[in-house]
Amino acid sequence: MKETTPLLIRNARVLSLDDAGREWPCADILVRNGRIAAIGEGLEVPADAQVIEARGQLAMPGLINAHFHSPGNFLKGQLDGYPLEIFMLYEVPPLASQGDASRFAYLRTLMGALEMLERGITTVHDDAYHVPVASESGIDAVMQAYADAGIRATVAIDQPNIVEYDKYPYLKDLLPADMRDEMERAPRQDARELLDLYGYLLRRWHGAEQGRLAAAVSCSAPQRVSDDYFHGLSALSREHDLPFNIHVLETKLQMATGEERFGKSLVRHLRDMGILDARNQIIHAIWIDDEDIRLLAEEDAVVAHNPVCNLRLGSGVMPFRALRDAGVTVAIGTDELCTDDTANVWAAGKMAGLIHNLSTPDYERWPQANEILQAMTRGGARSVQRQGELGELKVGALADIILMDLDTWAFTPFNDLHRQLVYSEDGSSVRTTIVNGEVVTAQGRHRSLDVSAIRAEIRELSVAIQAQLADSHAAARRLLPYYRTMYDRAHAIQRGLPRRLVAGD
């Protein structure tokens, strides 16, 4: 890493979130070349240092958005709540034949990154899908946006590669022949083409921007890819030590998918294929059973919990305490702006701290504030395979630090820092966001981008966005009756897992 100007944060209250749980009522943080060089009282100021006077502010690790889909950014607030399988008809239209222009994709990605930075979210794990197919230009648009924003981003190519009706149970038989033919003709890519694109992502972007940008791999979900591609991704993950994103048992219908297609739970299917390991980020993990939880713990996989999205789509409530009791690392994500409608990890963390109180009357088993803070920071570090480097403030860690004004309503009166961070804060107290030792935003202003101009350009795209939505609505209306029948059939089967606030399951 190139030599950079030292940075000294002076006289801050410091919350480390490290193993020892260290806190300083007033201390300095010295940053050299993107990493924390020292934390303590009265540190010597290097002659050439940039100094930030932080008295009355809290210094803590930047939050990590462990699961995000940037291509959904322009769909913020566009749709009512639908079950996932219905929602995806609008989000990733299965019959789409044409992709988005590079500038469109760039601005869409940039929008989410800027919102996160302003709220103190310093790292995003983006499982970026491409409609209808992935390309080098599409990858470049996403990665360049993250490069320009100044955020730390780990990005995968989330690209299913089998025909649409084979991703679901019952659907092939429900569809009329002409619709099956349309799905068979829809563009899709084989394993070799997609693995070549991963080669491009690794060569061009992995480790770029002083290490801020990195690659992950993604199969989307086990039932959405061919076996040769699935094994190819697993090999790539192991060869390069990359996070492997896998959506697993997000919905009750996906339980039926595992049974109908593989004759077993999707978690057991991963284990039997030899794919389940510590690099896996298992996304959602709602409709898992005790044996699934045992396997996830045994292989040390991390689970990305997206509580707001799961409520928005009616998917169910993840068994948080059972996973934590088994020793599974839990991270917090916002999923996407069309299912959470914001990229605010603070809000997702608060929801995680509340929704699981309904899982048991034993209040001693409800989530504790520090557990949630750990999920929003160190859990996210595990999700991007940067444990020990991100999500905590300690000597040697990467300098992704936020400074928060303690003279705000969130901290007035000041009773308990951890609880008020989880239950009172929404990101509005963030005053400075530092990534890789560089100040990216300060007092609501970006260091190099004209954010007002970017918002204006995005608003000018509203006609194109609405036209895109009109096309997806028209296609969805044609397919909806068959997907609804499929959905109803899966939900008619009793599973014995209390994952929804209704009688039965």
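Values below: every heavy atom of this structure, side chains too, minus hydrogens, waters and symmetry copies.
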Exercise. Do the side chains of L107 and L461 get nearer than 4.5 Å, heavy atoms only?
Worked result: yes
Exercise. So which pairs with a foot in residues 314-324 pass side-chain hydrogen bond (donor to acceptor under 3.5 Å, both in side chains), sequence neighbours left out?
Worked result: R321-E371, R324-E371
For this session: Mind checking the CG-CG spacing from D196 to L201? Nearest 0.5 Å is all I need.
Result: 12.5 Å
Seminar exercise, completed: In terms of heavy-atom contacts, T339 and T334 come closest through OG1-O, 4.5 Å
Seminar exercise, completed: Smallest heavy-atom separation, W205 atom then D140 atom, equals NE1-OD1, 2.9 Å
For this session: Please answer whether the main-chain N or O of A105 pairs with a side-chain N or O of T109 as donor and acceptor at a distance below 3.5 Å.
Result: yes
Exercise. Sequence neighbours excluded, which residues qualify as side chain to side chain contact (heavy atoms under 4.5 Å, CB included) partners of A54?
Worked result: I9, A12, Q57, L403
Exercise. Do N280 side-chain atoms and I282 backbone N/O form a donor-acceptor pair below 3.5 Å?
Worked result: no
For this session: Starting at CG of L233, measure out to CG of L194 and round the result to the nearest 0.5 Å.
Result: 8.0 Å
Exercise. For V225, which residues count as a side chain to side chain contact (heavy atoms under 4.5 Å, CB included) partner, sequence neighbours excluded?
Worked result: N161, C219, Y229, F230
For this session: For the residue pair E115 and N73, confirm or rule out a side-chain donor-acceptor distance under 3.5 Å.
Result: no
Exercise. Which word best sums up how the rings of F414 and F411 line up, parallel for under 30°, tilted for 30 to 60°, or perpendicular for over 60°?
Worked result: tilted
Problem set entry | N/O donor-acceptor pair under 3.5 Å between E53 side chain and V51 backbone | no
N/O donor to acceptor pairs below 3.5 angstrom from side-chain atoms of residues 74-87, sequence neighbours left out:
from: E85; atom 1: OE2; to: T251; atom 2: OG1; distance (Å): 2.6

Seminar exercise, completed: residues 124-135 vs side-chain hydrogen bond (donor to acceptor under 3.5 Å, both in side chains), sequence neighbours excluded, gives S70-D126, H125-N245, H125-Q281, H125-S383, D126-Y146, D127-S218, Y129-E336, S135-S137
Exercise. Minimum heavy-atom separation for G349 to I332, with atom names?
Worked result: N-CG2, 4.0 Å
Exercise. Are the side chains of D400 and I434 in touch, meaning some heavy atoms are under 4.5 Å apart?
Worked result: no
Problem set entry | Between T342 and D340, a side-chain donor and acceptor under 3.5 Å | no
Seminar exercise, completed: Residue set satisfying salt bridge (Lys or Arg N to Asp or Glu O under 4.0 Å) with D277, at least two apart, ordered chain then number -> R238, R279
Exercise. Below 4.5 Å, heavy atoms only, C-beta onward: do I36 and K394 meet side chain to side chain?
Worked result: no
For this session: Side-chain contact test, heavy atoms from C-beta onward, threshold under 4.5 Å: evaluate it for L417 versus L15 and give yes or no.
Result: yes
Exercise. T122 versus V440: any side-chain heavy-atom pair under 4.5 Å?
Worked result: no
For this session: For D416, check salt bridge (Lys or Arg N to Asp or Glu O under 4.0 Å) against everything at least two apart and list the hits.
Result: R419
For this session: Enumerate the residue pairs fulfilling side-chain hydrogen bond (donor to acceptor under 3.5 Å, both in side chains) with a member in residues 453-463, sequence neighbours excluded, ordered by first and then second residue.
Result: R103-E457
Seminar exercise, completed: Residue pairs meeting salt bridge (charged side-chain N to carboxylate O under 4.0 Å, His left out), one or both in residues 197-210, sequence neighbours left out, come to E209-R212
Exercise. Do L270 and F244 pass the side chain to side chain contact (heavy atoms under 4.5 Å, CB included) test, and can you show the C-alpha distance, the side-chain angles, and the key distance before you say yes or no?
Worked result: CA-CA 12 Å; L270 292 177; F244 191 168; over 6 Å; no
Exercise. Taking S102 for the side chain and A141 for the main chain, is one N or O donor matched with an acceptor at less than 3.5 Å?
Worked result: no
Exercise. Hey, does the side chain of N306 reach the backbone of C309 with a donor-acceptor pair shorter than 3.5 angstrom?
Worked result: no
Exercise. So, do T441 and R447 sit near enough that their side-chain heavy atoms are less than 4.5 Å apart?
Worked result: no
Exercise. Listed by chain and number, what are the side chain to side chain contact (heavy atoms under 4.5 Å, CB included) partners of D148, not counting sequence neighbours?
Worked result: Y106, Q144
For this session: Report the C-alpha distance between V345 and I64 in whole Å, list the side-chain angles of each, state the deciding distance to 0.1 Å, and finish with yes or no for side chain to side chain contact (heavy atoms under 4.5 Å, CB included).
Result: CA-CA 8 Å; V345 176; I64 297 172; over 6 Å; no
Exercise. Can you tell if the side chain of T123 reaches within under 4.5 Å of the side chain of I151, non-hydrogen atoms only?
Worked result: no
Problem set entry | Donor-acceptor pair, side chain of H69 and main chain of P71, under 3.5 angstrom | no
Problem set entry | Which atom of I246 lies closest to which atom of P222, heavy atoms considered | CG2-CD, 3.7 Å
Exercise. Which value, rounded to the nearest 0.5 Å, describes the distance between Q368 atom CD and Q374 atom CD?
Worked result: 13.0 Å
Problem set entry | Backbone of R499 reached by a side-chain donor or acceptor of W287 within 3.5 Å | no
For this session: Could you tell me the separation between the CD atom of Q98 and the CG atom of D471, rounded to the nearest 0.5 Å?
Result: 9.5 Å
Exercise. Hey, does Q223 have a side-chain heavy atom less than 4.5 Å from the side chain of L266?
Worked result: yes
Exercise. When you check the side-chain N and O atoms of E118 and T433, is any donor under 3.5 Å from an acceptor?
Worked result: no
Problem set entry | Pair V435-L117, side chain to side chain contact (heavy atoms under 4.5 Å, CB included): steps then yes or no | CA-CA 9 Å; V435 181; L117 286 167; 4.1 Å; yes
Exercise. Hey, is the main chain of P367 close enough, under 3.5 Å, to the side chain of H356 for a donor-acceptor pair?
Worked result: no
For this session: Start with the C-alpha distance between M116 and L63, add both sets of side-chain angles, then the distance that settles side chain to side chain contact (heavy atoms under 4.5 Å, CB included), and finish with yes or no.
Result: CA-CA 9 Å; M116 286 186 273; L63 303 192; over 6 Å; no
Problem set entry | Salt bridge K350-E425, side-chain N to carboxylate O under 4.0 Å | no
For this session: Kindly say whether E250 contributes a backbone atom to a donor-acceptor pair with the side chain of Q254 at under 3.5 angstrom?
Result: yes
For this session: State which residues pass salt bridge (Lys or Arg N to Asp or Glu O under 4.0 Å) with R431; sequence neighbours excluded, sorted by chain then number.
Result: D405
Problem set entry | Heavy-atom pair with the smallest gap, counting every atom of S429 and T408 | OG-OG1, 2.8 Å
Problem set entry | Donor-acceptor contact below 3.5 Å, side chain R119 vs main chain D426 | yes
For this session: Measure the spacing between CG of L202 and CG of L195 and express it to the nearest 0.5 Å.
Result: 10.5 Å
For this session: Of all the heavy-atom pairs spanning A215 and P243, show the shortest one and how long it is.
Result: O-CD, 3.9 Å
Side-chain donor-acceptor pairs of residues 19-32 under 3.5 Å, sequence neighbours excluded:
from: D19; atom 1: OD1; to: R378; atom 2: NH1; distance (Å): 3.0
from: D19; atom 1: OD1; to: R378; atom 2: NH2; distance (Å): 2.5
from: R22; atom 1: NE; to: D18; atom 2: OD2; distance (Å): 2.6
from: R22; atom 1: NH2; to: D18; atom 2: OD2; distance (Å): 2.7
from: E23; atom 1: OE2; to: H418; atom 2: NE2; distance (Å): 3.2
from: D28; atom 1: OD1; to: N11; atom 2: N; distance (Å): 2.9
from: D28; atom 1: OD2; to: G42; atom 2: N; distance (Å): 3.4
from: D28; atom 1: OD2; to: L43; atom 2: N; distance (Å): 2.9

Exercise. Once you round to the nearest 0.5 Å, how far does CE of M111 lie from CD1 of I458?
Worked result: 5.5 Å
